[in-house]
Amino acid sequence: MTRAPLDPVLPLLLRLEQAATLEEVAQMICESCQPHGYDRVLLFSASAQQEGIVSRIYWVKGDWFGDGRAVEADTYLQHCPITLHVLKMSAPFFWSKTKDGGYRVANAPMRSDSNGFQVPIYGPIGLEGAVSFGGGRIDGSRGVQLFLTLLATQAFRVSRALIEGEHAAAGYLSGREREVLAWVAAGRRQAAIAGTLGISERT
């Protein structure tokens, strides 16, 4: 159906590592996944909270709703059942649009006008974000799953580094401040954060 997905993976990951802008990252990802039927990509940060997900969309490409509407961060991240499902999964999973207009998690792509593959990204504090790939007739083979998982992980890491670099250049939070903020966002208590970082609770 499509060319072998793993042949160009190492050069692609190295090219992504050298990307200078988010747009460059997005362009490389889109060009790489389109041959496998994925024409929509959405990359977002996320941290699990008791009331749901606290998130931010880093970038989004493609016509997700089929009518040209833009993806709104609040609606998508807080209410999309597929995005909320990422809280329950540690491994990538498929999703499909149902006949009644809803969405459901699936073991493989379904006969639907909208299917996708979502890759949760985990780091030191647990869930850090996810990348969602969407399309109509998508390739759900194991090779493509592994390819998209590697692609998503690298794209997320590079996108986050670019965003943090922009914030640092603009005089935003220091590295330690961002680390503390990440632990707070993950729901850790002040005493536990201090112990983890080896600093006093007052600090």
Side-chain angles (χ1 to χ4, degrees), residues 1-6 9 12-13 16 22-23 25-48 52-53 55-122 127-160:
M1 179 177 173
T2 57
R3 60 193 171 91
L6 296 180
V9 69
L12 176 58
L13 296 180
L16 277 168
L22 291 177
E23 183 59 33
V25 173
Q27 189 64 32
M28 278 191 265
I29 299 302
C30 291
E31 288 174 359
S32 301
C33 67
Q34 279 179 348
H36 308 292
Y38 299 85
D39 58 9
R40 289 158 267 165
V41 187
L42 189 146
L43 187 150
F44 61 91
S45 65
S47 60
I53 293 180
S55 311
R56 171 187 173 185
I57 292 179
Y58 283 0
W59 51 263
V60 57
K61 292 291 181 182
D63 186 2
W64 279 88
F65 302 117
D67 57 10
R69 278 185 299 149
V71 175
E72 295 183 11
D74 290 342
T75 302
Y76 180 85
L77 297 170
Q78 297 296 337
H79 304 293
C80 172
I82 300 304
T83 300
L84 294 175
H85 189 75
V86 82
L87 294 172
K88 305 173 186 175
M89 300 292 291
S90 60
F93 57 89
F94 287 101
W95 54 264
S96 290
K97 189 173 183 179
T98 58
K99 292 179 180 179
D100 61 3
Y103 292 87
R104 73 181 190 119
V105 174
N107 294 322
M110 310 285 286
R111 288 189 176 181
S112 169
D113 63 351
S114 186
N115 286 282
F117 185 66
Q118 185 131 312
V119 182
I121 308 293
Y122 283 83
L127 180 67
E128 293 188 350
V131 181
S132 194
F133 300 91
R137 295 186 62 189
I138 60 175
D139 186 341
S141 66
R142 186 61 183 151
V144 171
Q145 290 178 50
L146 292 171
F147 174 66
L148 294 180
T149 300
L150 289 170
L151 202 62
T153 302
Q154 181 77 331
F156 181 84
R157 303 288 180 221
V158 172
S159 295
R160 170 164 281 184

Let me confirm one number: the [atom1]-[atom2] distance from [X] to [Y], rounded to the nearest 0.5 Å.
{"X": "Glu31", "Y": "Lys61", "atom1": "CD", "atom2": "NZ", "value": "11.0 Å"}
{"X": "Trp95", "Y": "Arg104", "atom1": "CH2", "atom2": "CZ", "value": "13.0 Å"}
{"X": "Leu13", "Y": "Leu150", "atom1": "CG", "atom2": "CG", "value": "6.0 Å"}
{"X": "Ser159", "Y": "Phe44", "atom1": "OG", "atom2": "CZ", "value": "13.0 Å"}
{"X": "Trp59", "Y": "Leu22", "atom1": "CH2", "atom2": "CG", "value": "9.0 Å"}
{"X": "Thr153", "Y": "Leu148", "atom1": "OG1", "atom2": "CG", "value": "10.5 Å"}

Which pair of heavy atoms, one from [X] and one from [Y], lies closest together, and at what distance?
{"X": "Tyr58", "Y": "Ser45", "answer": "OH-CB, 3.5 Å"}
{"X": "Tyr122", "Y": "Leu127", "answer": "CD2-N, 3.4 Å"}
{"X": "Cys33", "Y": "Val41", "answer": "SG-CG2, 3.7 Å"}
{"X": "Pro109", "Y": "Gly140", "answer": "CG-CA, 3.9 Å"}
{"X": "Ser32", "Y": "Leu12", "answer": "OG-CD2, 3.2 Å"}
{"X": "Trp64", "Y": "Gly134", "answer": "CH2-N, 3.9 Å"}

- request: Please step through side-chain contact (heavy atoms from CB on, under 4.5 Å) for the pair Gln118 and Val105, ending with a clear verdict.
  value: CA-CA 10 Å; Gln118 185 131 312; Val105 174; over 6 Å; no
Report yes if the side chains of [X] and [Y] come closer than 4.5 Å at any heavy-atom pair, otherwise no.
{"X": "Ile29", "Y": "Leu16", "value": "yes"}
{"X": "Phe117", "Y": "Val144", "value": "no"}
{"X": "Val9", "Y": "Phe147", "value": "yes"}

Residues Gln145 and Arg142: side-chain donor-acceptor under 3.5 angstrom: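 Short answer, yes.
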- prompt: Taking only residues two or more places apart in sequence, or in another chain, which ones meet Tyr38 in a ring-ring contact (aromatic ring centres under 6.0 Å, His included)?
  reply: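 With neighbours one apart ignored, the set is empty.
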task: Only counting residues at least two apart or in another chain, list the ones meeting ring-ring contact (aromatic ring centres under 6.0 Å, His included) with Phe133.
output: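 If we apply the ring-ring contact (aromatic ring centres under 6.0 Å, His included) test to Phe133, skipping adjacent residues, there are no hits.
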field: Partner residues of Ser114 under the side chain to side chain donor-acceptor pair (under 3.5 Å) criterion, sequence neighbours left out
entry: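 For Ser114, the residues satisfying side chain to side chain donor-acceptor pair (under 3.5 Å) (neighbours in sequence not counted) are Arg40.
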task: Kindly determine whether Phe94 and Asn115 satisfy side-chain contact (heavy atoms from CB on, under 4.5 Å), including the steps that lead there.
output: CA-CA 7 Å; Phe94 287 101; Asn115 286 282; over 6 Å; no
